[in-house]
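Input: a single structure, listed below in structure tokens.
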Amino acid sequence: MLPTHIPPRLRYWLFGLLLLMVFAAQAADKPALWLAQKYPGGLDLQQYWVSEKYDGVRGYWDGTALWTRQGERIAAPAWFTASWPATPVEGELWAGRGRFTDAQSTTRKAVPVDAEWRRIRFMLFDAPASPGPFDARLAALAQFEKAVSQPWVQAAPQWKETGEASLLKRMARIVKDGGEGLMLHKASALYRSGRGDDVLKLKPQDDAEAQVIGHIPGKGKYADQTGALLVRTTTGLQFRLGSGLKDADRLHPPAIGTWVTYRYRGLHDSGLPRFASYWRVRGDATPVAP
């Protein structure tokens with residue numbers, strides 16, 4: 001809290017400076033990981049490895065500890081990471097298809113619960129510190145899995161598709177069985193942080209993230225509850241997010257500052273999402289002042 005004797009204008013300036021310092025510290029702590037782009041279609045699929053997109057919590061092993069992609073330490077039990085090599089690897093902490101909530105709940109606990117972690121698998125999909133193209137990094141993941149020799153650590157199966165028709169059929173089959181979609185990694189690509197077309201995601205619906213900056217009161221049957229969330233995207237666009245909220249979400253909405261994931265179908269000319277629908281709270285980030 002800032003001292004009350006400071007003039008209001010100076011207080012606002014100092015508060016803004018404090019927020020900038022917090023954001024800068026958070027950015028500095030984030031691992032420099034890749035971020036997938038949406039699959040555009042029409043690619044030479046023989047240049048890409050394909051794997052399932054696991055609906056879990058992204059984990060980064062830096063050689064000594066597990067971290068979220070937002071730079072928060074994951075309190076895994078000692079036995080879970082026992083004897084892991086010092087080689088940095090990325091993967092998904094996954095509880096199985098349709099069990100994202102279980103994975104999120106397990107990995108967010110400050111004190112790990114062994115029985116819950118016994119249901120978690122670490123599905124390896126890249127080795128950031130290993131040199132060479134993705135082809136070579138796949139070999140590094142296989143070596144990591146072999147060195148660990150633990151059933152909960154697995155290199156994600158990778159395969160090639162003959163064409164776009166077979167790719168879409170595979171995605172449809174995985175989604176029908178409760179999966180989220182597919183990932184495509186360009187075989188010749190070197191590892192790099194940020195977004196690029198070397199790593200692509202293919203899902204039936206688009207999704208994105210936004211920060212809750214307000215709660216809009218409900219009307220009618222939702223009187224005295226939350227009618228919609230006012231959210232802001234990473235690019236600064238603001239919109240209401242009411243569709244998709246369950247009764248429990250309206251009674252106890254995500255706190256202001258929380259990052260949430262929403263689904264949508266394309267964009268308006270303004271850049272705002274079409275048919276945006278609330279999906280869930282993003283589990284790998286601590287709420288911060290918007």
Side-chain angles (χ1 to χ4, degrees), residues 33 35-39 51-59 68-70 72 74 92-109 120 123 125 171-172 174-183 195 199-218 221-222 225-268 270-288 290:
L33 308 180
L35 301 172
Q37 295 273 49
K38 180 183 174 183
Y39 174 70
S51 63
E52 180 172 346
K53 187 179 190 303
Y54 298 103
D55 191 19
V57 175
R58 188 169 179 178
T68 71
R69 69 185 177 98
Q70 298 300 317
E72 296 185 1
I74 298 173
E92 199 80 1
L93 293 160
W94 188 57
R97 290 174 176 171
R99 298 182 60 185
F100 169 80
T101 302
D102 293 338
Q104 177 180 262
S105 173
T106 298
T107 57
R108 289 285 288 172
K109 287 184 171 67
I120 299 294
M123 305 301 295
F125 51 63
M171 182 197 68
I174 285 177
V175 171
K176 182 179 178 181
D177 291 339
E180 187 181 11
L182 297 174
M183 297 296 300
R195 295 194 184 275
V199 183
L200 305 167
K201 56 185 176 181
L202 175 61
K203 300 188 295 182
Q205 287 182 296
D206 295 320
D207 62 64
E209 297 164 350
Q211 188 180 34
V212 178
I213 60 174
H215 298 144
I216 299 172
K221 63 180 290 189
Y222 297 128
Q225 300 179 36
T226 297
L229 305 175
L230 181 62
V231 300
R232 181 171 59 212
T233 68
T234 54
T235 58
L237 294 175
Q238 296 184 19
F239 59 95
R240 297 184 178 194
L241 197 57
S243 176
L245 290 173
K246 299 178 182 177
D247 289 346
D249 300 320
R250 297 182 187 279
L251 287 171
H252 305 287
I256 291 176
T258 299
W259 285 87
V260 299
T261 304
Y262 62 92
R263 286 172 165 163
Y264 65 100
R265 285 180 283 172
L267 301 172
H268 293 288
S270 64
L272 291 173
R274 299 175 67 246
F275 307 108
S277 176
Y278 172 81
W279 186 14
R280 64 195 183 196
V281 170
R282 196 180 80 187
D284 60 352
T286 299
V288 295

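The first residue in the sequence is number 1, and the count goes up from there. These figures come from a predicted structure and were not determined experimentally.
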Can you tell me which residue among Met171, Arg97, Met123 is in a side chain to side chain contact (heavy atoms under 4.5 Å, CB included) with Glu52?
Arg97
Partners meeting side chain to side chain donor-acceptor pair (under 3.5 Å) with Thr235 (sequence neighbours left out):
Thr233
Distance from Phe100 atom CZ to Glu92 atom CD, nearest 0.5 Å?
8.5 Å
Would you mind reporting whether Leu229 and His215 have side-chain heavy atoms less than 4.5 Å apart?
yes
Who pairs with Arg280 by side chain to side chain donor-acceptor pair (under 3.5 Å), at least two apart in sequence or on another chain?
Asp55
Residues two or more places apart in sequence or in another chain: which of them pass side chain to side chain donor-acceptor pair (under 3.5 Å) with Ser105?
Lys109
Go through the structure and list residues passing side-chain contact (heavy atoms from CB on, under 4.5 Å) with Gln37, not counting sequence neighbours.
Arg195, Leu200
Sequence neighbours excluded, the answer for side chain to side chain donor-acceptor pair (under 3.5 Å) partners of Tyr264 is none
Please report the interatomic distance OG1(Thr107) to CG(Leu93), rounded to the nearest 0.5 Å.
6.5 Å
Going by the rule salt bridge (charged side-chain N to carboxylate O under 4.0 Å, His left out), which residues pair with Arg99 if we only count those two or more places apart in sequence or in a different chain?
Asp102
Using a 4.5 Å cut-off on heavy atoms from C-beta on, say whether the side chain of Phe239 contacts that of His268.
no
Donor-acceptor pairs are to be reported for all side-chain atoms of residues 241-254 against protein atoms at under 3.5 Å, with residues two or more places apart or in another chain.
| from | atom 1 | to | atom 2 | distance (Å) |
| --- | --- | --- | --- | --- |
| Asp249 | OD2 | Lys246 | N | 2.9 |
| Arg250 | NH1 | Thr226 | O | 3.2 |
| Arg250 | NH1 | Gly227 | O | 2.8 |
| Arg250 | NH2 | Gly242 | O | 3.2 |

Any non-hydrogen side-chain atom of Arg108 less than 4.5 Å from a side-chain atom of Val57?
no
Taking all non-hydrogen atoms of both residues, which atom of Ile74 and which atom of Gly59 are closest, and how far apart?
CD1-CA, 4.5 Å
Heavy-atom closest pair (Gln238 atom, Leu230 atom, distance to 0.1 Å) is OE1-CD2, 4.4 Å
Which residues share a side-chain contact (heavy atoms from CB on, under 4.5 Å) with Ala228, sequence neighbours left out
Ile216, Arg240
side-chain contact (heavy atoms from CB on, under 4.5 Å) filter on Lys38, not counting sequence neighbours, yields Asp206
The residue among Arg282, Arg263, Arg232 that forms salt bridge (Lys or Arg N to Asp or Glu O under 4.0 Å) with Glu209 is Arg282
For a quick test of reading the model, state the closest non-hydrogen atom pair linking Val260 to Val231 and the distance between them.
CG2-CG1, 4.4 Å
In Å, rounded to the nearest 0.5 Å, how long is the span from OH of Tyr262 to CD of Gln205?
13.0 Å
N/O donor to acceptor pairs below 3.5 angstrom from side-chain atoms of residues 175-182, sequence neighbours left out:
| from | atom 1 | to | atom 2 | distance (Å) |
| --- | --- | --- | --- | --- |
| Glu180 | OE1 | Lys53 | NZ | 3.3 |
| Glu180 | OE2 | Lys203 | NZ | 3.4 |

